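Note that the structure is predicted; figures quoted are calculated from it, not measured.
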Amino acid sequence: MALDKTQLIGLYRTMRLIRRFEERVVELVNRDEIPGVTHEYVGQEAVATGVCAALRPDDVITSTHRGHGHILAKGGDPRRMMAELMGKASGYNRGRGGSMHIADLSLGIYGANGIVGAGAPIACGAALAGKLARSDRVAVSFFGDGGMNQGVVHEALNLAAIWRLPVVFVCENNGYAISAPISEMAVVERLADRAAAYGMPGTSVDGMDVLAVHAAACEAVERARTGAGPTLLECRTYRFVGHFTAEKARGIKYRSDEEIARWRERDPVVTYPAWLRQQGVDPAMVDAEVEALLDEAVAFARQSAFPEAEEALDGMYAVTYPGLPARGW
Amino acid sequence: MALDKTQLIGLYRTMRLIRRFEERVVELVNRDEIPGVTHEYVGQEAVATGVCAALRPDDVITSTHRGHGHILAKGGDPRRMMAELMGKASGYNRGRGGSMHIADLSLGIYGANGIVGAGAPIACGAALAGKLARSDRVAVSFFGDGGMNQGVVHEALNLAAIWRLPVVFVCENNGYAISAPISEMAVVERLADRAAAYGMPGTSVDGMDVLAVHAAACEAVERARTGAGPTLLECRTYRFVGHFTAEKARGIKYRSDEEIARWRERDPVVTYPAWLRQQGVDPAMVDAEVEALLDEAVAFARQSAFPEAEEALDGMYAVTYPGLPARGW
Amino acid sequence: MREIRYLEALSEALREEMRRDSKVIVLGEDVRVSMRGVTKGLLQEFGPDRIYDTPISEAGFTGLATGAAMAGMRPVVEYQINALLFVAFDQLVDQAQKLRYMMGGQGTIPVTYLVPASGARRGLAGQHSDHPYPLLVHMGMKAVMPSTPRDAKGLLKTAIREDDPVVVFAPSALLAMKGPVPEEEYTIPLGRAEVKRPGDDLSIIAVGPLVPEALKAAEQLAQEGISAEVVDPRSLLPLDHETILASVRKTGRVILFDDSNRTCGYAAELAAVIAEEAWESLRAPIRRLTRADVPVPFSPPLESYVLPSRDRLLQEARALLAKV
Amino acid sequence: MREIRYLEALSEALREEMRRDSKVIVLGEDVRVSMRGVTKGLLQEFGPDRIYDTPISEAGFTGLATGAAMAGMRPVVEYQINALLFVAFDQLVDQAQKLRYMMGGQGTIPVTYLVPASGARRGLAGQHSDHPYPLLVHMGMKAVMPSTPRDAKGLLKTAIREDDPVVVFAPSALLAMKGPVPEEEYTIPLGRAEVKRPGDDLSIIAVGPLVPEALKAAEQLAQEGISAEVVDPRSLLPLDHETILASVRKTGRVILFDDSNRTCGYAAELAAVIAEEAWESLRAPIRRLTRADVPVPFSPPLESYVLPSRDRLLQEARALLAKV
Ligand SMILES: Cc1ncc(C[n+]2csc(CCOP(=O)(O)OP(=O)(O)O)c2C)c(N)n1
Ligand SMILES: Cc1ncc(C[n+]2csc(CCOP(=O)(O)OP(=O)(O)O)c2C)c(N)n1
Ligand SMILES: [Mg+2]
Ligand SMILES: [Mg+2]
C-alpha cells in the first residue's frame, strides 16, 4: 500500500506522540504525580505505529504491560490516558486501572494487561465474534519476546490457526524480558519461525523501520480480513530505557552501554523524519503540535478530580445484588 | 542397537502383558471390581514398549491418564498395579490414587497424571536434578496428541531446550483427544515438526512398529544421555477401544468402523510376533507366562485388604502438625 | 408436573437459551458429540458456528470466551472436569472476572462456565473430585450450585442471561436425579436461597449434592423428634444472607453441611456470616461438616471417610440437640 | 541485637540455607540480577548451577521444581507477582501439593515458593495486588506470612528445610521494615502463632502486613483505656488454633484483621474456628475487617477505601467495647 504524504507524516506524528508521551510520563512518575510503576515504550514506537496504521477503528487490539504506545497508536485520547495514569475520575478507567489496564472498548482497545501473554486468547475471542457477526474486523494481539514463552500464547496461536481466525499476533521482540535475553530464553533465532508449528505464516521484520513494519502489518491484516487466517509477525526492536520506571532504583544492569548506543542510532523517531526530509517532506510542524497536545493532556489530567472513595465498590458487576461486592467491614 | 533374541522376545512379552492387563482391567471395571474409570492402552502397546526398552531402571518417566502401558513397560509390578486399581492397601499408592495416579518412585515412575500435559515440566525437573547430581539419567515424558496443545507442554519443551535437559518428549499421536481428531486440533500434519519451534530435533515414527519406536527412542535417549539435549519423538499410533471404560455407555461415535478396522490390521501384538516367527524366533511361551502373571496379579489384588478408613488422613504431608490435614467434622 | 433428570434440565436450559439468543455459543472439549450429555443435539440444531470443540487448551479457550463476550457474544464454556478450572485459573479469576472492574465499568463479559462438580462420584480420585467454588467466590466470581433439576434449569438460564461471568456447578452425583420441572418458561434469580424443608430446632445449611442428603437426614431426625430446617443457598455468590440468617435466628442452632475443603471453604464463609450477624440468636456453637482437607482418595472406604455424609450429619445433629 | 531489613532477612535466610545444603537451588524470573532483591549475590556465590533465570513460563517452571524436588533437590521458586500463582495454579495445588498424597505417601516434595504478597503497594492495581493465601491453604498447601524481619528469616529457613511444599508470602509493604534479627542460627517452627502484644479486653488477630498496623492501633487504644491483645498467626497453615483460642477465651471479643478478600477468606476461617471452639467465651459478635471483594483499584483514594486500615480497626474496636 503506497502511503501518501499525509499518511507518511501521520506515522511520524504517532511515533513522536508516543515518545514524548512516555518521556512526560517518566517525569510525572518521578515527581510522584503518577502512582505506581509504568513500562515505557521508548524505542519501540515504530512497531505500534506501523501496525496500528494498518488497522481500522473497529479492529481490535489487546495490549500488554507496556501498553501506552499501542493505545496511542490505536487512537487513544492522551488526555484520558494521562488522567488515568494520575488516577483521576476522568481517566479511561475512572482511575480503576492505571497504566497496566487502560482500555477503550469504543476504539477496539481491549486493554493493556498486567499478565504477560494473557491478551492473546482474548484477541482470538474478539476475532471469532467478528467472524460470527459476518464483519471483516481483525484483531491484533501484541506481546513481547518474553510473552512468546507463555503457555497461553501457544494455545492462542493454535486456536487461531485451527479456526482460521482473523488475528495478527505481533511479537515485539525487544531482546529482553526484563533482564532475561531472548537468546537465552529460546533456542530459535527468529521467533517468527515458531509460526510453522501452527501452520501459519511467520514474518520477521525490522521493528525500527516503521515503513517495513507497516508493510508487513498490511499484508498480515489483509490475510486476516480476507479470511485467509492468522499471521505471526515478529518485529525486532529495542527498548532504550529500563524495563519500568522503578528499574533505576534497583541498580541492576544487564545490557551493555554499547548495545544500547548501537540501537539508539537506529531510533525511529530520529531516522524516520530524517528520511522523510530526504524525500522532501518536512514534518517539522508535528513536534509543536504534539507538545501542545501533551500540554493539554497533562493539564487536563491535573485539573481532573480524583474519584470519590465510595465509588470503589461500583461497577465490578454489570448486574449487582444486595451485599455485592462485599465490603471489607 | 541390534537386539538379541531375548530382547526381541522381551518386547513381545511387554506388549502382550500390556494388552492382556488392559483386557482384564476392562472386565474388572465392568464387574465393578475396579471403581471409577480407566483409560486403556490397547493398540498403543508398541510405543511404551519400544520407548521403555531404551531406558535404564534409574531413568524417569512421567505418564498420563492412559498410564498402565507406560508403567508396565517401565517395570511396574502388575500385582501392585492391579491392587491399586481395586483400591487395596497393597496397591502402589495404598489405594489413594487408582488408575490415574499409579506411581513407583523406586522405578523412576513419577506417576500417571489426571491432568493432560501436567507431567511434562515434572519430567524436566527430574532431568535437571539428574544433571545436577552429575548422573546421566534421562527423563521421558509421555503425552498424547491432545496434550501437545496444552500450554504447559509448550513451556516444558522450551525449558528443556534452553537448558539442554536430558529429556525425551514422547508424543503418542493416536489421532484423537477423546472425540477430537488431531487433524482438526492442529494444522500441522506432523506434530514432530513443532520441535523446530524450540530448536530441538523432532522425529515422527510408526507407533505400531515396536522396532521402529525402539530405534528412534534409543537415538533420542542417547542424545539426552550424552548431554546433547532433548528430542520430541512423535509416535503415530491408534487406540483400538474407547477413550475410557465409560465411553460405551455414553453411546458416542466419532471414528468409523473402517478406520478402526484398518488400524487393527496393524495391531503390534499380532504383527510383531508374526514377524518374529518369520525370523525363526518363537515367542509362543510368552502368552502362557503372561497369563499366569496376570492370574496372580488379580488373585493378589482380590486377596488384599482395603485400607483402613482412618488412614485416609495420613501421609498427605511428610511433616505433620496437630490438626493437619483438617478433618471435615 | 413432568419429571425430568437434572442433566436433561441443564440440556433444556441451554437449548432454550440458544434458541432465544443467537449470541449464545458453546465451547469446550467434546461438546459436539456431547461427552457429558449437556450439549446433546446442539450441533445438529444450531450448526458448527454455534458449538465448538476445543483443543486441550483450557486457558486459551477460556480467554477466547472472554474476548468473544467483550465483543458481544454470550459464550457458554463447558469444562470436562472441575480441576480444569485450575489450568485456566488466571484467565478466569484474573482476567474474565476482573477486566470489567479494572476497565472502569466498560463493557460486559457475559460468559457462563459449566463445571461438572464432583459428587464425588466413586473412584474419580484426587484430580477429578474437587469442588472449587470457594476459590472462585473468593475472587468475586458469581457462582451457583443447583441441587434439583428445577433449580438447575432455572439457574442455568439466568446464568446465561446474566451480563457477568457466572459459574454453574453441576454435581456429578445429581446428574441422574429426577425431579419436577415446569414445562413453561421460567428462570430462578441469583441470590435467592430456598428453604427446602422448614423446621424449628436446627438449621442445616446444605450445599449442592448434600441437599438431598440433608433432606433425608431431616426426615430421619423428624422421626426422632428433632425438627430440622434445610436451607439450600443455591446461589453461592451472591449469597442470600437474609434467608440463612432468618433460619438461624429462628432455630438458634446451625450445621453447615458442605462438600468443599474445610479451610477457607464455603462453610467457613457461612460460619463467619452467622457469627457476625446472628450471634445473639445462637444457642450452641456453629458446626461445620465438610470434606477433609485432603485430595479425594481413590479407594471406596477412604473416599467415604473424607467426604461429609448423612450419617455424620445425623450424629452432629443429635449431639447438638442433646446439649440443650 | 542488630537490626536489619525484612528483605535482608529473607536474603540471609536463603543464602544460609544454600550454604548449608547444596540441594537448595533457586528458580525464577530475573533472579540472577535479583530484580526483587532477595536473591542478590547468589549467582556470584553459588554459580549458575544453583540459580536459574526462567522464561516467562510459570506453570512450566513450577512443575519443573516439583520434578526436581521429587528427584532430591530443594528448589526455591521466586514469583515476581502474587498473581503468577494463578498462572501456575494447577501445577501448585493440583500437582505439587497433591502428588505425595495421591502416590500413597511416596517421596517428598520439598519446594519453597517465595511470593511478594501485595501490601498493596500504592498504585499496583488489580493484577499485582492480590493476597492469594486463602486459595492455597484451602487446597491444603502450607503457607506462612511473617510480619517482622526476625520471623521472615526464621520462617523462610524452616520452609526451605520442610519436606513439603511451603509458600512464603513476603508483603511488599514490609520489605523495607527494619527489626532485630539474631546473628546466630535460628529457625521458627511452622504452626506457632505469636502474641505480639498482650491485652485483656479484645483480641486482634492480624495477618502479615497488618500486624504493625494492629500494634499501632493497640497503642492508641491503650491510651483510650482499651487493652487490646495482638496475635499474629505467622503460619497460616498449619494454624496455631490454641494460641488464638486462648486469646479469645481470655478477652471474649475478637476482630479479625486480614488483608485478603473477604468471602471465603482467611478471616472467614478464623471466624469459623472461633465460632466452633470458643463460642462459650464470646461476649460479642465476631468482627471481620478485611479487603473489599474487588480487584485493588489503582487510584490512591479508591485503593485506600477498599483495603483494611488502622482507622477502621480503631473504629471497630471502640464500637465493640462500647457495646459492653
Ligand atoms: C505471566 C507473567 N509473568 C511475569 C510477569 C512479570 N513481568 C512483567 S513484564 C515482564 C517481562 C516481559 O517481557 P516481554 O514479554 O519481552 O515484554 P517487554 O517487557 O520486553 O516489553 C515480566 C517478567 C508478568 N507480568 N506476567
Ligand atoms: C488439562 C486437561 N484437559 C482435559 C482433560 C480431560 N481429558 C482427559 S483425557 C483427554 C484427551 C487426551 O487426549 P490425548 O492427549 O491425545 O491422549 P489420549 O487420550 O488420546 O491418550 C481429555 C480431554 C484433562 N484430564 N486434563
Ligand atoms: Mg521483551
Ligand atoms: Mg490422543
Under 3.5 Å, is there a donor-acceptor pair between the A:Ser179 and D:Asp30 side chains?
-> yes
About how many Å separate CG of D:Leu302 and CG of A:Leu313, when rounded to the nearest 0.5 Å?
-> 9.5 Å
Heavy-atom proximity to chain A below 4.5 Å, by part of D:Thr263 = side chain
Does some side-chain heavy atom of A:Met185 sit less than 4.5 Å from a side-chain heavy atom of D:Ile56?
-> no
Is chain A contacted by the side chain of D:Glu58, its backbone, both, or neither, given a heavy-atom distance below 4.5 Å?
-> both
Between CD of A:Glu308 and OG of D:Ser299, what distance do you get to the nearest 0.5 Å?
-> 10.5 Å
Pick one of side chain, backbone, both or neither for D:Arg312, based on which atoms fall under 4.5 Å of a heavy atom in chain A.
-> side chain
Which atoms of D:Ser34 approach chain A - backbone, side chain, both or neither, heavy atom under 4.5 Å = backbone
Chain D interface, residue from A:His243, A:Met316, A:Gln150 that has the most non-hydrogen pairs under 4.5 Å = A:Gln150
Portion of D:Val306 that has a non-hydrogen atom of chain A nearer than 4.5 angstrom = side chain
Chain A contact via D:Pro300 - which portion, at a heavy-atom distance below 4.5 Å | side chain
Taking A:Gly328, A:Gly147, A:Pro35, A:Gly87 one by one, which has the highest count of heavy-atom pairs under 4.5 Å against chain D?
-> A:Gly328
What part of D:Glu316 gets closer than 4.5 Å to chain A, counting heavy atoms only: side chain, backbone, both or neither?
-> side chain
D:Arg32/A:Glu184 salt bridge by N-O under 4.0 Å criterion | yes
With a 4.5 Å heavy-atom cut-off, do A:Ile252 and D:Met35 have their side chains touching?
-> yes
